Asks: 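Here's a structure for you.
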Amino acid sequence: MTHNPTIVVGIKQVPDDDEVRIDPDTGRLDRSSAPAVLNSPDRNALEAALGVRDDVGGQVIAMTMGPPPAADVLKEAVAMGCDDGVLISDIAFGGSDTWPTSLTLARTAEYLDADIVVCGEETTDSSTGQVPPGIAAHRGWAQLTYVEELEPLPEANQLAARRDVEGGYERVVADLPVVVAVAFGENEPRPAGLHRKIYAENEFEPVTVDANDLDIDEETVGLEASPTNVGGMETIEGVDRERTVVDDVDELAEAIRSTEVFA
Amino acid sequence: MTDIDPSEYSDVWVFVEDHDGDVMSVSWELLNEAKTLVEETGEELVALVIGEDVDGVVEEAIARGADRVLVADDGVFEPYRADPYGEQFRAMVEERKPSIVLIGGTHTGRDFAGRVAVPTHAGLTADCTEIDVAEDGVLQARRPAFGGNVLATIICEEHRPQMATIRPGVFEAAPPENDRDGEIERVDVVVEEADTLTEVLERSTGETADVTEADRIVAAGGGIDGDLEPIRRLADALGAEIAASRHAVDEGWVDGSRQIGQTGKTVRPELYVAVGISGAVQHLEGMNDSEVVVAINNDPNAPIFDHADYGIVGDLFEVCPELADALEGAEQPEVTL
Amino acid sequence: MTEIIADRNTETPDYDDRFDAVVVGAGLAGSAAALTMADGGLDVIMIERGRYPGAKNVFGGVLYTPTIRKLADLDDAPLERYIAERRYGMLTDHDETAISISPGEWHEPPHNDSYTVFRGEFDEWFAEQAVDAGATLLTETTVTGLVRENGRIIGVKTDRPDGTLRAPYVVLAEGGNSLVSERAELKETEQRGNVAVAVKEVVEFPDDDNAIQDRFRLTGDAGAAYHYFGEGAVGDAFGGGFVYTNGETVSVGLAYRISDAVSGQPNPEGTLNAFKTHPAVAPLFRGGRTVEYAAKTIPEGGADSVPELTHDGAVIVGDAAGLVLNNGVHLEGTNMAVESGFHAGKSIVDAAEQGRTDADALSAYAENLEASFVMRNLRRYEWLMEAVENDREFVFRELPQALADAGTEYFRIDREPKESHAENAKERIMEAVGGYTGAAKLALRYRKIVT
Ligand SMILES: Cc1cc2nc3c(=O)[nH]c(=O)nc-3n(C[C@H](O)[C@H](O)[C@H](O)COP(=O)(O)OP(=O)(O)OC[C@H]3O[C@@H](n4cnc5c(N)ncnc54)[C@H](O)[C@@H]3O)c2cc1C
Ligand SMILES: Cc1cc2nc3c(=O)[nH]c(=O)nc-3n(C[C@H](O)[C@H](O)[C@H](O)COP(=O)(O)OP(=O)(O)OC[C@H]3O[C@@H](n4cnc5c(N)ncnc54)[C@H](O)[C@@H]3O)c2cc1C
Ligand SMILES: Nc1ncnc2c1ncn2[C@@H]1O[C@H](COP(=O)(O)O)[C@@H](O)[C@H]1O
């Protein structure tokens, strides 16, 4: 990067967690009614990327792979301050698991001449956390996951990070290009500026690329190229709880004492 | 797409995660669980140990159930880094063609698993909570999806190996049997320091508690606002371990190894007291199998009350000490005159 | 960087004075104003603090649609049920005396323009109608103040970075908790006596699919609106309770004077719980589960507390202007909000044609509102609040008790002749109203409710 790095941020549109409901009649999961929102860990990714730009300059470009309505999350990213947004959309991508998804995102990062790719920790719908390491692996780039803080080292053409390791932390430096996955909740995503937000929501149009633009062989993406398949889904019966709300502490103590735990 | 022949792949591999000789308990949980898988398939149960000076770990892997241990012992592997681990692991997979590879769903496991699965075009199922093998040898990897409302079964029919990361705490570890026999095989180290892309400057780990063993847990959430005292007090009165929601961990109030939930541990204690925890799905996923759940929260609409046996709406700073007092009273032997 | 990106211009434009009008709040009043202005050819931006319009908006509620129907096509609007029955119940702490009205006409479109709705859905839909007409909607943005130049209002400040936006006209449609208008001294802070606290729950019946049809005797899309007053509803506070049927849930709530809420009266939650467990109300909620709880304030100062509606560069509409009729019999704010937004929008379109922004150029709004049902209704009932306040003990305690007792006496079955029952009943009423003279005085005082 030396200076002015190109920072590409992977963001995804997901169904709003809070609104995913079980249809009381069928017992089936009703995702259709849930509004589509930006995967919340990706906000931390955007903030981390914009933070690097604050430090050393450069460009922050958001990318999302998904159907055309996913462009909405790009608008949100641009409102927050990203310089541009790229919608990666092609029927060929349908049914992709993490393998082709990370392949596609890796190709896009390369297409955009990325020095740094920043992702969220995981998505709230598929919650694999595998896409960022996958992007790095497809390109043979370095990776930094569970990142709490980034520190660009432009002179050394490196990026340093503080990573969360369970029970502690470590500081790591990585050569560029590098893929970063920012730990969820680690930073305070900046609010969008008023005029930027008006622009992003009303005038901004993302760049759209497809498999052809990215020079991706259609056989290497989509359902066919996905090693994993969903074999079945069962709704999990919620654990039946007493759900007794007691009025005072003595009653609570009594309730706890009467459980088998104290027998 | 390169077609592969699944029948050329056999054996179940379990990655043994150690940091400087400390083994993550999920590794032993997996070794124990994998025993039932190889019983089905009649294959070998192979443990992988990567690190530096890992002889003790290798011995224990055998005592914990491995038929064979593959050891990659080199300074390049300590401390852990994704690129050398991934590279070494990949080389071993390509050479030896395991059918199933199980990795603990820790930060480390989830960090490098993709660096193995991508180049080998393996199927990788993340964050599983149940596994078994169908008659045709296909791994049935189950994991909660969509906010924990659904259990999805993920399968991988045409690609090998079938890889999965498994959430810590969902399986039980068995005690070591020190008289077990097993083969130890040292493998070629294919990574050189010069090829690595990253360098660890500093690593600092505190205690790594194992909350999955506790019978009683008092868990702290965002509501404690940085003050652990009420939690300690209540945990003392109950003889309970302290755990936490992600919020409390992210704020640095409680150590990360004590985090409960989707990206933390799964626990099933006899008693789980959620203090100042809202009850987000990601948290519930880690504690829903507790025997008895008690919630203390000042918001009557907090979702946690729907997932608790007993709840009290009140300020935790008042409720916890009072409850501790009331419970301590209970522990006193009754005096009959 | 690749050329496809390098060649693009994504600089942030300056939107100052790019819009003709800024609407503060995309509630009913705001969207009505925006829709009217957009239809009139103006460039309008609505600024809403919620994640989407209606996200946090609370009301009972029955939406009254005579004006909305003129502005938008209600056919695809998210309506829950039309109101087929209105019931007024007087509650003592254990009796109920009620009357019920369910005219056949209400079953026919347009259903007396009364529908239960969820504001979260309806407001979003209504704002969409404005957007479809060309308005711009900006959510998750709170207006924190107004910008003035030489006394004229020339824009708004928001809580966002780079957060000032200039525009020739500002429509203040921020609802009852009108901090922006108050801070800008366009209106006075409501006195406590003029504000009601309202609490509301939405209850579902997980184990009873027919709970609503059966308990409220309804078929199809028909719905019920039950109003309650008396001691059993809100204790000795000034106010009342309501129960409204939605599609699959029932809304139940209370509204009472904030002055009472601050003194004596237990907290709103406790009062609502007492109301819900009143013997006449509890059976409606058997086996029910609360899925939503909300609290809000309702302005109820009447015509007197309506502030100056037009200013140089700005107008105030809806609840922000105190346009709510809440007198125990009527609880209407939605129709007034929309009507006021409509007149305000029109006056801005006209003023813009003349290129003027001064208050005088906008005065048609105040005049048209004065001539409309909004101000006429508010003025008509102004006296009522005062009268009821003076007769509080009588209206909320003595009368419900007397009616209940009289009913008990009148229908008593024992071995006495009916004549003596009727006599006792009459006596009980007479005692409460203070004899014939008292009754005549009351009749005179309250005649305007029905005339
Ligand atoms: C990808 C992803 C993974 C995640 N993984 C996990 C995970 O593994 N584990 C996990 O826990 N979360 C996880 N989360 C986060 C989860 O969504 C919630 O944000 C988190 O659980 C909230 O923690 P909390 O309930 O402690 O805090 P808050 O949401 O801040 O809630 C605090 C609660 O305390 C109550 N309170 C406040 N003050 C008091 C008082 N004085 N007395 C009593 N009560 C009080 C409040 O009413 C509130 O209910 C994950 C999220 C994502 C997106
Ligand atoms: C419990 C209750 C029951 C009621 N029942 C009924 C009923 O049955 N029938 C009836 O007709 N009326 C009823 N009303 C009254 C009715 O709800 C109101 O009169 C009506 O909603 C007023 O509409 P409005 O657009 O003026 O304000 P609101 O609906 O309050 O809308 C104001 C909007 O402005 C936004 N906003 C506020 N401040 C800012 C800011 N600074 N920046 C950006 N945005 C802001 C808000 O988020 C909101 O979307 C009831 C009210 C209550 C509280
Ligand atoms: N379709 C996608 N488009 C862009 N980025 C994605 C996509 N899917 C995943 N990512 C990124 O990868 C991260 C981890 O996702 P996952 O592996 O699906 O849990 C997300 O937080 C995003 O930053």
Side-chain angles (χ1 to χ4, degrees), chain A residues 17 20 22 29 31 98-99 102 124-130 133-134 136-138 141-146 164-175 185-186 219-220 225 227-236 239 241-246 249-250 252-253 255-257 259-261, chain B residues 1 82-83 106-107 110-111 114-115 118-119 121-127 140 146-147 149-156 159 197-208 216 250 255-257 262 270-271 281 288 292-294 305-313 319 322-323 326-327 330:
Chain A
D17 243 6
V20 177
I22 303 282
L29 193 78
R31 280 223 288 164
T98 55
W99 197 95
S102 40
T124 54
D125 62 344
S126 47
S127 55
T128 72
Q130 290 307 340
H138 273 292
W141 291 345
Q143 72 183 52
L144 298 163
T145 59
Y146 302 100
D164 178 9
V165 297
E166 287 141 303
Y169 71 91
E170 64 180 20
R171 287 192 59 239
V172 192
V173 284
D175 298 341
E186 270 319 320
E219 304 222 315
T220 62
T228 62
N229 289 304
V230 178
M233 294 253 204
E234 335 160 24
T235 44
I236 301 175
V239 186
R241 296 284 175 197
E242 300 275 340
R243 298 181 18 176
T244 307
V245 175
V246 301
V249 169
D250 288 335
L252 185 61
I256 292 177
R257 246 182 255 139
T259 59
E260 279 184 30
V261 186
Chain B
M1 215 69 342
D83 42 317
T106 59
H107 283 192
R110 298 180 79 177
D111 187 46
R115 291 197 86 102
V118 161
H121 209 161
L124 171 58
T125 308
D127 206 25
Q140 314 282 304
F146 305 123
N149 291 314
V150 168
L151 197 62
T153 305
I154 310 293
I155 54 173
C156 166
H159 294 256
L197 306 166
T198 49
E199 183 190 348
V200 177
L201 302 177
E202 181 192 352
R203 188 176 165 101
S204 148
T205 50
E207 39 117 46
T208 43
R216 299 173 191 178
D250 281 348
D255 178 72
S257 57
Q262 185 199 307
E270 290 171 24
L271 176 68
V281 283
N288 238 339
V292 174
V293 175
V294 172
F305 288 117
D306 287 337
H307 303 273
D309 294 290
Y310 303 104
I312 185 162
V313 179
V319 174
E322 277 181 44
L323 185 60
L327 287 166

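Below, all heavy atoms of this structure are taken into account, side chains as well, without hydrogens, waters or symmetry copies. Bear in mind the structure is a predicted one, so any value in this text is a computation, not a measurement. Numbers restart at 1 for each chain; the letters A, B, ... are given by sequence-line order, proteins then strands.
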Asks: With a 4.5 angstrom heavy-atom cut-off, could you sort out which part of B:A308 is near chain A: side chain, backbone, both or neither?
Replies: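 Backbone only.
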Asks: Could you tell me whether a side-chain N or O of A:Q143 sits under 3.5 Å from a main-chain N or O of B:D111, the two making a donor and an acceptor?
Replies: yes
Asks: For A:R243 and B:D306, work out which heavy atoms get closest and say how close.
Replies: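 Answer, listing the atom of A:R243 first, then B:D306: CD-O, 3.3 Å.
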Asks: Taking every heavy-atom pair that is under 4.5 Å apart, which of A:T228, A:V172, A:T128, A:V173 has the most such pairs with chain B?
Replies: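 Result: the option with the highest number of such pairs is A:V173.
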Asks: Taking every non-hydrogen pair under 4.5 Å, which of A:R171, A:H138, A:M233 racks up the most with chain B?
Replies: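 Most pairs with chain B among the choices: A:R171.
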Asks: Between A:G168, A:P133, A:G185, A:A142, which residue shows the highest count of heavy-atom pairs closer than 4.5 Å to chain B?
Replies: A:A142
Asks: Could you look at A:V239 and say if it's the side chain, the backbone, both or neither that has a heavy atom under 4.5 Å from chain B?
Replies: side chain
Asks: Let me know if B:V294 has heavy atoms under 4.5 Å from chain A in its side chain, its backbone, both or neither.
Replies: side chain
Asks: Name the member of A:D250, A:V249, A:D175, A:V230 that forms the most heavy-atom pairs with chain B at distances under 4.5 Å.
Replies: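 Highest number of pairs under 4.5 Å: A:V249.
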Asks: Please state whether the side chain, the backbone, both or neither of B:D83 comes within less than 4.5 Å of a heavy atom of chain A.
Replies: neither
Asks: Quick check: closest heavy atoms across A:E166 and B:T106, and the distance to 0.1 Å?
Replies: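 Taking A:E166 first and B:T106 second, the nearest heavy atoms are OE1-CB, 3.4 Å.
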Asks: What's the shortest heavy-atom distance between B:H121 and A:P227, and which atoms?
Replies: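 Closest pair (atom of B:H121, atom of A:P227, distance): CD2-CG, 3.4 Å.
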Asks: Can you name the nearest heavy-atom pair linking A:W141 to B:R115, along with the distance?
Replies: O-NH2, 2.7 Å
Asks: Between A:L252, A:L144, A:T98, which residue shows the highest count of heavy-atom pairs closer than 4.5 Å to chain B?
Replies: A:L252
Asks: For A:V165 and B:H107, which heavy atoms make the closest approach, and how far apart are they?
Replies: CA-ND1, 4.3 Å
Asks: Please identify, among B:V292, B:T198, B:T153, B:N288, the residue contributing the most non-hydrogen atom pairs under 4.5 Å to chain A.
Replies: B:T153
Asks: Under the criterion side-chain contact (heavy atoms from CB on, under 4.5 Å), I'd like the reasoning laid out for B:Q262 against A:S127: C-alpha separation, chi angles, the key distance, then a yes or no.
Replies: CA-CA 9 Å; B:Q262 185 199 307; A:S127 55; 3.3 Å; yes
Asks: State whether the side chain of B:D309 and the backbone N or O of A:R241 hold a donor-acceptor pair below 3.5 Å, judged by distance alone.
Replies: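 Answer holds: no.
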Asks: Pick whichever of B:I154, B:L151, B:D255 has the most heavy-atom pairs under 4.5 Å with chain A.
Replies: B:L151
Asks: Indicate yes or no for a side-chain donor-acceptor contact from A:W99 to the backbone of B:V118 under 3.5 Å, with no hydrogens or angles considered.
Replies: yes
Asks: Taking the side chain as every heavy atom from C-beta outward, state whether A:V245 and B:F305 have any pair of such atoms under 4.5 Å apart.
Replies: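 Yes, side chains in contact.
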Asks: Do B:R110 and A:T145 have side chains that approach each other closer than 4.5 Å (heavy atoms only, starting at C-beta)?
Replies: no
Asks: Output the option from B:D127, B:V313, B:V319 having the highest count of non-hydrogen pairs under 4.5 Å with chain A.
Replies: B:V319
Asks: Given a strict heavy-atom distance threshold of 4.5 Å, which part of A:Q130 is in contact with chain B: side chain, backbone, both, or neither?
Replies: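 Contact with chain B is through the side chain of A:Q130 alone.
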Asks: Quick check: do B:E202 and A:Y169 have side-chain heavy atoms less than 4.5 Å from each other?
Replies: yes
